Protein chains: 2
Amino acid sequence: MTPARTATGTSTPRGRRAARSAGDDRELAILASAERLLRQRAFADISIDDLARGAGISRPTFYFYFPSKDAVLLTLLDRVTEEADAAAGDVLDRLAEDPRARWRELIDRFHETFGAHRAVVLACAQVRGTNAEVRQLWAAVLERWVHAIETAIGAERRRGAAPDGLPARDLAIALNSMNERVWYATFAGDGPAVAERDVVDVLLDVWLAAIYRSSTPPPA
Amino acid sequence: MTPARTATGTSTPRGRRAARSAGDDRELAILASAERLLRQRAFADISIDDLARGAGISRPTFYFYFPSKDAVLLTLLDRVTEEADAAAGDVLDRLAEDPRARWRELIDRFHETFGAHRAVVLACAQVRGTNAEVRQLWAAVLERWVHAIETAIGAERRRGAAPDGLPARDLAIALNSMNERVWYATFAGDGPAVAERDVVDVLLDVWLAAIYRSSTPPPA
DNA sequence: ACGTCAGTCAACACCCTGTCGACTGCAATC
DNA sequence: GATTGCAGTCGACAGGGTGTTGACTGACGT
């Protein structure tokens, strides 16, 4: 184990020691402990001592693995963002085939991925305001999603399926923001929310209206 | 002064004492101190001692006026929400006159009101995740906005200006959520943002597309 | 057998919150 | 003009959380 690092750590360089030392297990144990605790109570109500005990170690030892409580969350978020990126995948490359179905799939995957890790995502949304690292990592994911959407809108316009209008990037930001906030309201319950089973339909409808000025995009 | 109350307090019942005692000034001083400090640093980085010293009192005395740091923020939010409600006003009642202009006015006022108190609103957004009272008060404001929008959409449909489609409430929630998140990204910089001068135009465009399935609603 | 280093934790210093009890002074009451 | 009551004030304390230090252990390479 290299001592406490900035938590974005992906590959852990190791010295002349064995490829996997006891420390790896501990680190994983802390991560697992955190995700489990997060399903029970809010991030702010979890102390480092809780995290440490949950992983079977003492508080000072925790600091050997992570520099702070936030760093644990950041590592957790790091994993989720990888999944989220993978989820976006190439859905939008095959947009011309069946626009409605593909856009729906994108929105659906967004919800699925974040829903699967809602405890982590919800915690990050709370910490985002106070922790710059989390804020940046989160912003980076959003940026990638926005970029994919922007590109897809551009392609639809180029093939004549969607009319010109707002700059594609601005439109992509607005729609992605809508999804993010609606998702959050649904799971965090901090505002008027759409029934969970209707969420995707509602969002899709607005997306199609904004992109195609119609509820039903023209087929290829 | 009544001793520490739950901060939503509007009217302060007083005993046989004078109508305005020294305590009122102190309470106002704390509020002013908080709003000033909030413009300089994050809510989490402001201690109760900072708030108290900023108001020229000691920390224990602070507790005579507010039960906690969060309660101060809640009181501040309470004021902003009153303004926000007033801002919405009757804009949407005169929608038939000039739909595009009225919707634009609504979105504009949303931005103006929140922009004028961005320090407080930003702080609330951060605390929202951990404080149930703030979360509820916030949700209540959103609910009122959503309700106003929902009603307006219903009216537009009834007069034949807007086509049927999504339940008006779901549409209202989605659009309002979009505005909220886009506003937040613009001022908190925690994600891809639209240029500040374009924000209203971008949002309006999506609103009109979603409500009227067109960029230009039919005139009365 | 010996040095090194990953890994561990008791104990400490520090900061922040919230409370308690004692104090002050005004203002109504006798 | 003494007395009483209460708004208002704060020093001092208890408690809980964070982050650090320094000493200890044991496995591993030489």
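Here the structure is a predicted model, which is why all the values come from computation and not from measurement. Each chain gets a letter, A, B and so on, in the order the sequences are listed, and its residues count up from 1.
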Whole angstrom is fine here: how far is it from [atom1] in [X] over to [atom2] in [N]?
| X | N | atom1 | atom2 | answer |
| --- | --- | --- | --- | --- |
| A/Asp45 | D/dG16 | CG | P | 15 Å |
| A/Phe66 | D/dG19 | CZ | P | 14 Å |
| B/Phe64 | C/dT24 | CZ | C1' | 14 Å |
| A/Asp49 | D/dT18 | CG | P | 8 Å |
| A/Tyr65 | C/dG7 | OH | C1' | 6 Å |
| A/Ile46 | D/dT18 | CD1 | P | 11 Å |
| A/Ile57 | C/dC9 | CD1 | P | 7 Å |
| A/Ile48 | D/dG19 | CD1 | P | 5 Å |

Nearest to the side chain of [X] - [options]?
| X | options | value |
| --- | --- | --- |
| B/Pro60 | D/dT18, C/dC20, C/dT17 | C/dC20 |
| B/Arg59 | D/dG19, C/dC9, D/dA12 | D/dA12 |
| B/Ser58 | C/dC9, C/dT17, D/dC10 | D/dC10 |

### Task
Determine the interplanar angle of the B/Phe110 and B/Trp145 rings, folded into 0 to 90°, and report it as parallel if under 30°, tilted if 30 to 60°, perpendicular if over 60°.
perpendicular
### Query
Relative to each other, are the rings of A/Trp103 and A/Trp207 parallel, tilted or perpendicular (30° and 60° limits)?
tilted
### Task
Start with the C-alpha distance between A/Leu106 and A/Ile149, add both sets of side-chain angles, then the distance that settles side-chain contact (heavy atoms from CB on, under 4.5 Å), and finish with yes or no.
CA-CA 9 Å; A/Leu106 182 78; A/Ile149 297 163; 4.1 Å; yes
### Message
Considering every strand and a 4.0 Å limit on heavy-atom distances, what is the contact class for B/Thr61: base, sugar-phosphate, or nothing?
### Response
base
### Task
For residues 25-50 of chain A, pull every pair meeting ring-ring contact (aromatic ring centres under 6.0 Å, His included), keeping only residues two or more places apart or in separate chains.
none
